[in-house]
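Position 1 is the first residue of the sequence; numbering continues from there.
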Amino acid sequence: MEQEFELIAKTFMGLEPVLAKELTQLGANNVQIGRRMVSFTGDKEMMYRANFSLHTAIRVIKPIKHFKAQSADDVYEEVKKIDWSQYLDLKKSFAVDSVVFSDEFRHSKFVSYKVKDAIVDQFREKTGQRPNISVANPDIRLNMHIAEDRCTLSLDSSGESLHRRGYRQESVEAPLNEVLAAGMILMTGWHGETDFIDPMCGSGTLLVEAALIARNMAPGVFRKEYAFEKWPDFDAELFDSIYNDDTQEREFTHHIYGYDIDMASVNKARLNVRAAGLTKDISVEQADFKDFKQPAGKAIIVTNPPYGERISTPDLLGTYRMIGETLKHQFKDNDAWVLSYREECFDQIGLKPSIKIPLYNGSLECEFRKYQMFEGKLSDFRGAGNIIKTDEEKRAMSEKHRFKQNREFKKRLEEEEENEAGDIRTFKFHRIDFKERGGDDRERRRIGRDRRGSDDRGGRDDRRGGRDFKGNKGKRDFGKKGRRYED
């Protein structure tokens, strides 16, 4: 049995419990929630599965050394003690990201340079040569995290952020991040038991993420490459078996409906749905939410209306009044979840939420509110045995104090809390472009892989077609006709 090692999955603030639940269900051990991260242990297969299967992780890193340092020279000496021949050779390029929260280390760029120098100097002393630096497409990505004097140097196993699934072809202004969208859906407890509706769907992110959750499809199925595929110990056969294993997928007997008043957004959403091969499960139409009619069967609404921040919205408050009226009269006996930013917008909805969960959308501290729609009085609703808040929702509400300490509505949250052990923060990365001779500036392969020409989602091979690591590495065939997404 392969030995387990330490791993860390990063996520957005507010999604940590959801990510921890995902990891536990995936079979990870020693799962512990931190701040914007969840630590766990697992073997190589678990690391591959975490990258491929997690809906709410931004990236998965593998710590290779923990140490304390009082100065940049200490960092240099500790990094130089590592046997870098285990991870690099002269044919491979590397890059260093640094995240620093310390009075001693004020400049993350300087930390990155010291890490780079230690690695390069070790190779020069041993071989007389040095490995290349590449920012655009490195073979090995390193992450240095410093909290006061506590340093963690890790290998980045993901590479490009995991929210970049690979299916998004077109985007609207201020699109919802895929990881946040998946986290919102998982927070509702919905896994495909009813119809799903987003009446303000934009480019369709919530729709596609809902379909992946309903069918229990791994979001990594569309992705072209992970950083661990360039590691010296990469097991192509193992990852190939994970990539082509569809035994956990399930049937989805309901439907997902997306609507938007803007026809351009509707067309973009349709393109993204088609790129994901999910047109069988998702319909997108142009419609104004004020014209919405009561669904015939049970359904759930999850939506992210405009906030008036990055998108100019005429009569913003009137839009939210309309949302409240429509839910009240046309969505009885169902649950609706709304993510928004401004308190005055929520006030216009005019309905009492049963739960408020703080979430960050980018730098904006938002709230994700649940509205249980029912006829009659709340006392009658409770008297019939209905539950307003589940135990899990109560726990989510209790987390709100973490956000209130630094609540700001007009600028990015300032980090003022003390750094805690194991704290991994992700809002600020500094990647250093070491423009030195011999650097590897190869372009990343273009997004877009071969897939079947049909709009309808067929079998598994319609979107994957398997992987051929020996003769076709990194090019995942989505079908037999050789068409790309762009076609």
Side-chain angles (χ1 to χ4, degrees), residues 2-3 5-8 10 42-44 47-48 50-51 59-67 69 72-100 108-146 151-161 224-239 424 429-445 469 473-474:
E2 190 173 338
Q3 187 176 4
F5 45 83
E6 179 187 2
L7 289 161
I8 292 171
K10 297 185 178 184
D43 56 12
K44 187 184 295 184
M47 184 180 69
Y48 292 175
N51 276 283
R59 66 182 64 250
V60 178
I61 62 175
K62 179 186 179 183
I64 55 177
K65 186 166 186 176
H66 300 279
F67 59 92
D73 289 338
D74 290 345
V75 171
Y76 176 90
E77 293 300 331
E78 291 294 333
V79 172
K80 202 173 179 185
K81 290 177 185 177
I82 300 170
D83 180 6
W84 286 104
S85 63
Q86 297 179 64
Y87 311 106
L88 274 169
D89 59 46
L90 293 171
K91 295 180 181 179
K92 281 188 163 55
S93 60
F94 73 98
V96 183
D97 291 327
S98 291
V99 185
V100 177
S108 56
K109 288 185 178 182
F110 185 55
V111 171
S112 294
Y113 275 115
K114 297 303 284 188
V115 174
K116 177 272 257 185
D117 287 346
I119 297 170
V120 168
D121 289 350
Q122 184 186 100
F123 272 94
R124 277 181 174 149
E125 291 170 10
K126 289 183 177 180
T127 68
Q129 295 178 282
R130 47 153 300 161
N132 293 325
I133 311 296
S134 172
V135 175
N137 189 25
D139 295 311
I140 302 296
R141 296 172 180 269
L142 299 169
N143 176 268
M144 172 61 85
H145 180 273
I146 300 180
C151 308
T152 301
L153 184 59
S154 306
L155 290 168
D156 180 354
S157 71
S158 302
E160 194 173 37
S161 173
K224 69 183 186 299
E225 189 177 63
Y226 295 93
F228 61 72
E229 294 184 55
K230 294 184 178 180
W231 290 7
D233 65 346
F234 174 55
D235 188 335
E237 186 176 347
L238 173 60
F239 186 45
I424 301 293
F429 284 94
H430 297 279
R431 178 166 287 133
I432 313 308
D433 189 357
F434 301 110
K435 294 185 177 178
E436 301 188 28
R437 191 172 63 180
D440 182 0
D441 291 321
R442 292 171 296 177
E443 292 183 356
R444 283 184 177 274
R445 285 193 290 272
F469 285 98
K473 186 178 185 301

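- Checked against salt bridge (charged side-chain N to carboxylate O under 4.0 Å, His left out), Lys62 has no partners two or more places apart in sequence or in another chain.
- A distance of 4.5 Å separates CG of Leu90 from OG1 of Thr127, quoted to the nearest 0.5 Å.
- Under the side-chain contact (heavy atoms from CB on, under 4.5 Å) test applied with Ser157, the options Glu229, Arg59, Met47, Lys44 reduce to a single match, Met47.
- Judged purely by distance below 3.5 Å, without hydrogens or angles, the side chains of Asn51 and Ser158 pair a donor atom with an acceptor atom.
- Residues meeting the side-chain hydrogen bond (donor to acceptor under 3.5 Å, both in side chains) test with Asp83, sequence neighbours left out: Ser85.
- Taking CD1 of Ile140 as the start and CG of Leu88 as the end, the distance is 5.5 Å to the nearest 0.5 Å.
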Inset, instruction - Check the pair Phe234 / Trp231 against ring pair (Phe, Tyr, Trp, His ring centres under 6.0 Å), numbers first and verdict last. - result: CA-CA 5 Å; Phe234 174 55; Trp231 290 7; 9.3 Å; no
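- Between Val79 and Phe67, the shortest heavy-atom contact is CG2-CZ, 4.4 Å.
- Side-chain contact between Met144 and Lys114 is absent, with no heavy-atom pair separated by less than 4.5 Å.
- Closest heavy-atom contact between Lys224 and Glu160: NZ-OE1, 3.8 Å.
- When all heavy atoms of Val60 and Ala50 are compared, the closest pair comes out as CG2-CB, 4.2 Å.
- One N or O on the side chain of Gln122 and one on the backbone of Ile82 form a donor-acceptor pair closer than 3.5 Å.
- One distance of note links CG of Asp97 with CG of Leu142; it measures 8.5 Å at 0.5 Å rounding.
- In plain terms, the two heavy atoms of Asp139 and Lys91 that are nearest each other are OD2-O, 4.0 Å.
- Lys80 contributes atom NZ, which lies 5.5 Å from atom CG of Asp121 (distance to the nearest 0.5 angstrom).
- Here the shortest heavy-atom pairing between Asp74 and Ala69 reads CB-CB, 3.6 Å.
- Contact record, Ala227 with Asp156: CB-O, 3.3 Å, taken as the closest heavy-atom pair.
- Going from atom NE2 of His145 over to atom SG of Cys151 covers 10.0 Å, rounded to the nearest 0.5 Å.
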Inset, instruction - I would like to know whether Tyr87 and Lys92 meet side chain to side chain contact (heavy atoms under 4.5 Å, CB included); could you show each step before the answer? - result: CA-CA 9 Å; Tyr87 311 106; Lys92 281 188 163 55; over 6 Å; no
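- Using a 4.5 Å cut-off on side-chain heavy atoms (C-beta onward), Phe94 and Leu155 make no contact.
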Inset, instruction - Could you check Lys10 against Asn143 for side chain to side chain contact (heavy atoms under 4.5 Å, CB included), going step by step and ending with a plain yes or no? - result: CA-CA 12 Å; Lys10 297 185 178 184; Asn143 176 268; 3.7 Å; yes
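- Atoms CZ and CZ, on Arg130 and Phe123 in that order, are 11.0 Å from each other to the nearest 0.5 Å.
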